[in-house]
Amino acid sequence: MGNNLYSSDMEESVLCCVLNDGSLYNILVDICNEKDFWYQPYSWLWATFQRLYERNSNIDIITVQDELQRVRNFESFSTFDGEYSGYDALLYLKNKPNVVLDNYESYGKQVKDDSNKRRIQEIVNKSLGWINQGNDSSSILTNLELELGKISAFCGTNIKSIKNISDAVDEAVEETTLASLSKGKFIDTGIKALDEITGGLFPGQLTTIAARQGLGKSSLALSIAMNVAINNEIKRKVGIFTLEMSSTEYVNRMISALSGIDSLRLKKGIIYKDERSKYEEAVNKIKDSGNIVIDDTSNITMSMIRNKLRKMKEWGIEVAVIDQMGLIADRFPNEQEHVRVDRLSYLLKNLAREFDISIINIQQMNRSIESIQRVKFKEPQTSDLAQAGESSPDLIIMITHETQNKVILKSKLWIVKNRNGAMGSVDVKFDAKRTLFRDLTEKELAEQAPDFMN
C-alpha cells in the first residue's frame with residue numbers, strides 16, 4: 001500500500017530484512033534513518049534497532065520486543081493495516097511474504113527516496129506560502145535553496161557496489177598500465193617533495209589542507225592550483241570556490257605568486273617601473289592559460305557547490321579547491337559544529353567521487369598544537385583538525401613553521417593521513433609576501449638548519 005510519497009510495503013520489507021538478519025542494520029543505517037519512515041510505529045521500530053545497535057546488542061525479534069516494552073511503545077505498536085499488534089505485528093513483519101532479503105539495499109534506498117520526496121513536497125507547500133505572503137522572488141529562491149540544501153545534504157546513499165573480483169582486478173591492472181605510460185589520472189601538485197610521498201592528486205580523492213590562522217592554508221592550495229593549471233608540464237583545468245575573499249583578491253595573489261611582486265603592494269596598487277613587465281607577463285600567463293574557473297559566491301551552500309561543480313565538470317575541470325569549508329552556509333537547527341563539519345566533509349568526499357575529480361578542502365586547525373602540553377611534541381595529528389572532519393579525507397596535509405621574531409625560518413608540510421601511501425613530512429619554502437609554497441632549491445637544502453621538530 002502507499003502512493004508516490006510513501007510505501008508501507010517497502011517500509012515493511014526493510015524492517016523484515018533486519019528482523020531476519022540483524023547485521024543488515026549496520027549497512028542500512030547509512031541509507032535511511034527513523035525519520036524516513038512515514039508510518040510512526042515503523043519509525044519506532046527503526047529507532048529500536050538503532051538503540052540495540054549502539055549498545056552492541058543482537059537485533060532479533062526477542063530483543064526488539066523487550067526494547068519496545070522498555071520504552072512503552074509496545075502496546076501501541078501495530079502493522080500499517082491495523083490487523084496485527086504487539087508481538088503478532090513483529091512476527092508478521094519478520095515473516096512478510098514475497099520479501100527477498102538480498103534486496104535489502106534497494107528497499108532501504110526506496111524508503112529514503114520516498115522520504116526525500118515528502119520533504120520536497122513540504123518545501124513546495126512552504127514556497128506557496130511565501131508567495132502568498134508577498135515575498136519577492138529573490139528571497140523565495142534563497143529560502144528554497146536553503147531548504148532544498150538540507151535535503152540534498154543527505155540524499156546521497158551509501159549503497160555498496162557489488163563487483164566481480166575478476167572485473168575489479170582488470171580495472172586495477174589497466175589503471176597501473178596507464179600510469180606506467182604516463183597516461184594515468186594522477187595529477188602532480190608541482191611540489192616535488194610532496195608528490196614523492198603522496199603520488200600527487202587523484203580523481204575521487206578529497207584532500208584537506210589544514211593549519212592555524214594565517215599560516216598559509218589558502219596559499220598552499222593556491223600554489224597547487226597554479227601549478228596544476230599553469231606551471232606543470234601537463235596542465236589541467238581547476239575550479240576554485242573562494243569563500244573567504246573576492247575573486248579579484250584571489251587573482252591578485254596569483255599575479256603576486258607568478259610575478260614576484262609583494263601581494264600587499266599589488267593590493268595598494270604600488271608597482272615599480274622595473275616590475276611592470278613582470279606584472280604584465282603574469283597577467284597574460286593567467287589569462288592565456290584558460291585553465292582556471294573561479295566562483296566567489298558568498299553564503300554558498302552545498303547544493304549550490306554541487307550544481308556549480310556539475311557545470312565546471314562540463315568545462316573539463318579535474319581539480320576543485322574549496323577555500324574554505326567552514327564558511328559553507330549549510331547549517332541545520334541545533335546542529336553541533338563538529339557534526340556539521342563531519343557532514344560537510346563527507347559530502348565533499350561524495351562530490352569528488354560523483355564527478356570523478358580531486359577536491360582540495362581548506363580547514364582550520366585547533367589550538368591544541370599551541371598548548372603548553374605540546375611544547376615538546378609539535379608534530380601535527382589528525383586530531384588537530386578544528387571541529388573534527390578527519391574521517392572523510394583521503395589525504396590530510398598540515399602546515400607548520402619555525403619562526404624567530406615573527407620571521408619564518410623553516411616550513412614543513414606534514415602528511416598526517418594518506419590512504420594511498422606513506423605518511424611523513426617534507427621541507428618546503430613559504431614566501432609569505434608572494435603567498436607561495438615551492439620546493440627548496442639545492443642551495444636552500446644545503447643551508448637548511450637542523451630539523452626543528454626533532
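Sorted by first and then second residue, the side chain to side chain donor-acceptor pair (under 3.5 Å) pairs with a member in residues 249-262 form an empty list; sequence neighbours excluded.
Residues E444 and R438 are paired through a salt bridge, judged by an N-O separation under 4.0 Å between the basic side chain and the carboxylate. Taking a cutoff of 4.0 Å between a charged side-chain nitrogen and a carboxylate oxygen, R340 and E337 qualify as a salt bridge. The residues D9 and K96 are annotated as salt-bridged, a charged nitrogen and a carboxylate oxygen being separated by less than 4.0 angstrom. Under a 4.0 Å N-O distance rule, the pair R119/D36 qualifies as a salt bridge. A salt bridge does not link K278 with E281: every distance from a Lys NZ or Arg NE/NH1/NH2 to an Asp or Glu carboxylate oxygen is 4.0 Å or more. By the 4.0 Å N-to-carboxylate-O rule, D114 lies close enough to K117 to be salt-bridged with it.
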Check: Checking side chain to side chain donor-acceptor pair (under 3.5 Å) for the pair N361/T208: CA distance, chi angles, key distance, verdict?
Finding: CA-CA 5 Å; N361 160 50; T208 291; 3.2 Å; yes

Next item on the list: List the steps and the verdict of side-chain contact (heavy atoms from CB on, under 4.5 Å) for I328 and M325.
Entry: CA-CA 6 Å; I328 295 175; M325 187 181 74; 4.0 Å; yes

Next item on the list: Begin from the C-alpha positions of I191 and L220 and carry the test side-chain contact (heavy atoms from CB on, under 4.5 Å) through to its verdict.
Entry: CA-CA 10 Å; I191 301 175; L220 179 57; 3.7 Å; yes

Note to self: Applying side-chain contact (heavy atoms from CB on, under 4.5 Å) to I271 and I261, what does each step give before you reach the verdict?
What the structure shows: CA-CA 8 Å; I271 305 174; I261 303 171; 4.2 Å; yes

Next item on the list: Any chance you could lay out the side chain to side chain donor-acceptor pair (under 3.5 Å) test for R310 and N307, step after step, and finish with the verdict?
Entry: CA-CA 5 Å; R310 182 185 292 108; N307 290 335; 3.2 Å; yes

Next item on the list: Might you work through the side-chain contact (heavy atoms from CB on, under 4.5 Å) test for I230 and I292, ending with a clear yes or no?
Entry: CA-CA 9 Å; I230 299 172; I292 298 176; 4.1 Å; yes

Check: Can K217 and Q363 be said to form a side chain to side chain donor-acceptor pair (under 3.5 Å), step by step?
Finding: CA-CA 8 Å; K217 302 182 297 296; Q363 196 172 328; over 6 Å; no

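The two residues I362 and Q324 have their closest heavy-atom pair at O-CB, 3.2 Å. D439 and G190 make their closest contact through OD2-O, 3.8 Å (heavy atoms, listed as atom of the first residue, atom of the second, distance). Between S392 and R419, the shortest heavy-atom distance links the atoms O-NH1, 3.1 Å. In terms of heavy-atom proximity, G200 sits nearest to T189 at CA-CG2, 4.4 Å. Minimum interatomic distance between L52 and N58 (heavy atoms only, all atoms of both residues): CD1-O, 4.1 Å. Residues R434 and G260 approach most closely at NE-CA, 3.2 Å, considering heavy atoms.
Side-chain atoms of K349 come within 3.5 Å of backbone N or O of G204 as a donor-acceptor pair. Judged purely by atom type and a 3.5 angstrom limit, S345 has no side-chain atom pairing as donor or acceptor with the backbone of V341. Using a distance-only test at 3.5 Å, with no hydrogens or angles considered, no donor-acceptor pair links the side chain of S411 to the main chain of K429. At least one donor-acceptor pair closer than 3.5 Å links the side chain of N135 to the backbone N or O of W130. With hydrogens and angles ignored, the 3.5 Å screen pairs a side-chain donor or acceptor of S7 with a backbone N or O of M10. Without hydrogens or angle criteria, S223 side chain to S219 main chain gives a donor-acceptor distance under 3.5 Å. Judged purely by atom type and a 3.5 angstrom limit, N103 has no side-chain atom pairing as donor or acceptor with the backbone of S106. With N20 contributing its side chain and K94 its backbone, the two residues share a donor-acceptor pair below 3.5 Å. In this structure, the side chain of R236 does not engage the main chain of V228 through any donor-acceptor pair within 3.5 Å. Although no hydrogens or angles enter the test, the distance criterion places no donor-acceptor pair under 3.5 Å between the side chain of S358 and the main chain of P203.
Put simply, the side chain of D60 does not reach to within 4.5 Å of the side chain of L19, judged on heavy atoms. Between E354 and L309 the shortest side-chain heavy-atom distance does not fall below 4.5 Å. Considering only heavy atoms from C-beta on, D188 stays 4.5 Å or farther from I234 through its side chain. The side-chain heavy atoms of I360 and L201, taken from C-beta on, include a pair separated by under 4.5 Å. Under the 4.5 Å side-chain criterion, counting only non-hydrogen atoms from C-beta, D21 is not in contact with L101. Side-chain contact between M302 and R343 is absent, with no heavy atoms from C-beta onward closer than 4.5 Å. In this structure, the side chains of K285 and N231 come closer than 4.5 Å at one or more pairs of heavy atoms. Residues V29 and Q50 have side chains not in contact (no heavy-atom distance under 4.5 Å, counting atoms from C-beta outward).
Within a 6.0 Å radius of CD in E314, other residues, nucleotides and ligands contribute more than 12 heavy atoms. A 6.0 Å sphere centred on CE of M423 holds no more than 12 heavy atoms belonging to other residues, nucleotides or ligands. Other residues, nucleotides and ligands contribute over 12 non-hydrogen atoms within 6.0 Å of the CG atom of N284.
Atom CE of M312 and atom CD1 of I357 lie 9.0 Å apart (nearest 0.5 Å). Taking CD1 from I59 and CG from L24, the interatomic distance works out to 9.5 Å, rounded to the nearest 0.5 Å. To the nearest 0.5 Å, atom CG of residue L395 and atom NZ of residue K417 are 9.5 Å apart. The distance from the CG atom of N227 to the CD1 atom of I187 is 12.5 Å, given to the nearest 0.5 Å. In this structure, the separation between CZ on F37 and SG on C32 is 4.5 Å, given to the nearest 0.5 Å. The distance from atom CD1 of I240 to atom CE of M254, rounded to the nearest 0.5 Å, is 5.5 Å.
Ring pair F49/Y25 is perpendicular by interplanar angle, where above 60° counts as perpendicular and below 30° as parallel. Relative ring orientation between F430 and F437 is described as parallel, the plane-to-plane angle staying below 30° on a 0-90° scale split at 30° and 60°.
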